[in-house]
Colleague: 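The structure that follows is given in the form of structure tokens.
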There are 2 protein chains.
Amino acid sequence: MSAERRLEGEAGSAQERLRDHLSARNLRLTPERLLVLEGVLTREGHFDAEELLEHLRRSNKSVSRATVYRTLDHLAEAGLVKKHHFQEGHALFEHVHGRDHHDHMVCDRCGRVIEFVNDKIEALQEEVCREHDFRELRHVHQIFGICSACQAVEKRAPNASPHHSGHA
Amino acid sequence: MSAERRLEGEAGSAQERLRDHLSARNLRLTPERLLVLEGVLTREGHFDAEELLEHLRRSNKSVSRATVYRTLDHLAEAGLVKKHHFQEGHALFEHVHGRDHHDHMVCDRCGRVIEFVNDKIEALQEEVCREHDFRELRHVHQIFGICSACQAVEKRAPNASPHHSGHA
DNA sequence: GTGTGTGCAAAACCTTTGCAAAATA
DNA sequence: TATTTTGCAAAGGTTTTGCACACAC
């Protein structure tokens, strides 16, 4: 299956999922909401609201800032995107539709985001919840530090950093 | 050792630690900074900047809002408090001086914060970092969901919640 | 028609900052 | 005296909101 077809397929079922989520709440699948969904699905990695807004404007698919924020919330509630708070006061989003659960390492130097999965940690987490009779709904597991590339740079030039482009 | 004496002891060495941290940076251990430290050490559990500010005002140990924020940052850098972002745009602090590392579960209903420690998770985390050649500096591990008490309430009255006082 | 959705601009939120005066080494 | 610190109020950046108009069922 080509990347293109896969994207279409995902977009199709993502749209279904959004439609279902909205109609279950007597909300509507508007053109604006579809534009936002489309924009989200074509973003790669982690992006912020402003970047998405800009992308939509450049693509002549402009919607208002308010609509972007409001729709991102709907998408998050529908389980189509995840909202991350790696740094305070600045949310990043990633689309997670059709993707497996994963957690994140974030480089303090270059901002690079590395995904990781560890089933043992997930299992232990469940155990912890059972012990406390706590019903987990979601979790945030982020490891902050210095990525491999930045460590290498620091060894060579103790002050520079491999300026990572954007928020991958 | 009584609770009182223990607090004095902790306050004493916390003050030392702050003094060392500041003097190493050519900064001063001012009366205002001491008032903030004192206020922090007498808070229990998790509190926000505004609550601390109010507490200081009520105790006739008033300092400005700016000083509270600035000092909390110093305390965090000195390793005396930790700053948490359980919800976006609203930081909570806890004093961690002389306390062991722990992570948190946060109840979505009542806001209660439950601490947990799991050495196996910590070890696995280190393993994950090694695998990615990532140098961990700190991590955030938060589990969100419904605490035991709120689950019980939900069973009885599917809409109420045991309004938890403050952010313990 | 009644309820939703949109866009705009203004507001809200917590937090940080500039600045002049005060305090400290 | 040279720095640092304080308090105030104003600014900051992201996100949310009120409202009038437009749209959908």
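Everything numeric here is computed off the predicted structure, so don't read it as measured data. Order of the sequence lines fixes the chain letters, A, B, ..., with proteins taken first and strands second; residue numbering starts at 1 for each chain.
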Colleague: Is the backbone of A/Asp133 close enough, under 3.5 Å, to the side chain of B/Gln151 for a donor and an acceptor to pair up by distance?
Modeller: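 Yes: the side chain of B/Gln151 pairs with the backbone of A/Asp133.
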
Colleague: Check DNA chain C against residues 69-80 of chain A and give the residues with a non-hydrogen atom under 4.0 Å, in numerical order.
Modeller: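 Going residue by residue through residues 69-80 of chain A, the ones with a heavy atom under 4.0 Å of DNA chain C turn out to be A/Arg70.
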
Colleague: Just the table, please: protein N/O against nucleotides 1-3 of chain D N/O, every pair under 3.5 Å.
Modeller:
residue: D/dT3; atom: O2; partner: B/Arg28; partner atom: NH1; Å: 3.2
residue: D/dT3; atom: O2; partner: B/Arg28; partner atom: NH2; Å: 3.2

Colleague: Quick check: do A/Leu80 and A/His21 have side-chain heavy atoms less than 4.5 Å from each other?
Modeller: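 A side-chain contact is absent here, since even the closest heavy-atom pair is not under 4.5 Å.
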
Colleague: Centroid separation under 6.0 Å, is that true for the rings of A/His139 and A/His101?
Modeller: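 Yes, ring centres under 6.0 Å apart.
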
Colleague: Please tell me which of A/Thr67 and B/Pro31 maps to the more 5' nucleotide of DNA chain C, matching each residue to the nucleotide holding its nearest heavy atom.
Modeller: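 The 5'-side residue here is A/Thr67.
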
Colleague: Could you state the CG-C1' distance from A/Leu27 to D/dA24, rounded to the nearest angstrom?
Modeller: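 Spelled out: CG on A/Leu27 to C1' on D/dA24 is 13 Å.
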
Colleague: What integer distance in Å separates A/Arg57:CZ from C/dG7:C1'?
Modeller: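 So the CZ-C1' distance, A/Arg57 to C/dG7, works out to 11 Å.
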
Colleague: Pick the nucleotide of DNA chain D nearest each of B/Ser64 and B/Asn26; which residue has the one closer to the 5' end?
Modeller: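 Its nearest nucleotide lies further toward 5', so the answer is B/Asn26.
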
Colleague: Tell me: CG of B/Leu22 to P of C/dA25, nearest whole Å?
Modeller: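 Answer to the nearest Å: 12 Å.
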
Colleague: If the threshold is 4.0 Å, N to carboxylate O, is there a salt bridge linking A/Glu50 and A/Arg65?
Modeller: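 Yes.
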
Colleague: Can you tell me how far C1' of D/dT6 sits from CG of B/Leu29, to the nearest Å?
Modeller: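 So the CG-C1' distance, B/Leu29 to D/dT6, works out to 15 Å.
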
Colleague: When you measure from the side chain of B/His85 to the backbone of B/Lys83, do you find a donor-acceptor pair of N or O atoms at a distance under 3.5 Å?
Modeller: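 Not a single qualifying donor-acceptor pair exists.
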
Colleague: Closer than 4.0 angstrom, basic N to acidic O: yes or no for B/Glu32 and B/Arg70?
Modeller: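 The answer is no: the pair does not qualify as a salt bridge.
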
Colleague: Round to a whole Å and report the spacing from CG of B/Leu53 to C1' of D/dG7.
Modeller: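 Atom CG in B/Leu53 sits about 12 Å away from atom C1' in D/dG7.
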
Colleague: Rounded to the nearest angstrom, tell me the gap between atom CZ in A/Arg33 and atom P in C/dG7.
Modeller: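 Distance check: A/Arg33 CZ to C/dG7 P gives 11 Å.
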
Colleague: What's the NE2-P distance between B/His85 and C/dC13, to the nearest Å?
Modeller: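 It works out to 20 Å between those atoms.
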
Colleague: Decide side-chain contact (heavy atoms from CB on, under 4.5 Å) for B/Asp103 and B/Glu122; before the verdict, give the C-alpha distance in whole Å, the side-chain angles of both, and the deciding distance to 0.1 Å.
Modeller: CA-CA 10 Å; B/Asp103 292 301; B/Glu122 301 292 325; 3.1 Å; yes

Colleague: Between P on C/dC14 and CG on B/Leu52, what's the gap in Å once rounded to a whole number?
Modeller: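 Result: 15 Å.
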
Colleague: Does C/dT4 have OP1 or OP2 under 4.0 Å away from a side-chain N or O of A/Thr30?
Modeller: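 For A/Thr30, the contact criterion (side-chain N or O under 4.0 Å from OP1 or OP2 of C/dT4) is not met.
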
Colleague: Within the structure provided, determine whether B/Arg130 and B/Glu127 are in side-chain contact (heavy-atom separation under 4.5 Å).
Modeller: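 Side chain of B/Arg130 against side chain of B/Glu127, heavy atoms only: contact under 4.5 Å found.
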
Colleague: Would you say the rings of B/Phe86 and B/His104 are close, in the sense that their centroids are separated by under 6.0 Å?
Modeller: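 Yes - the distance between ring centres of B/His104 and B/Phe86 falls below the 6.0 Å cut-off.
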
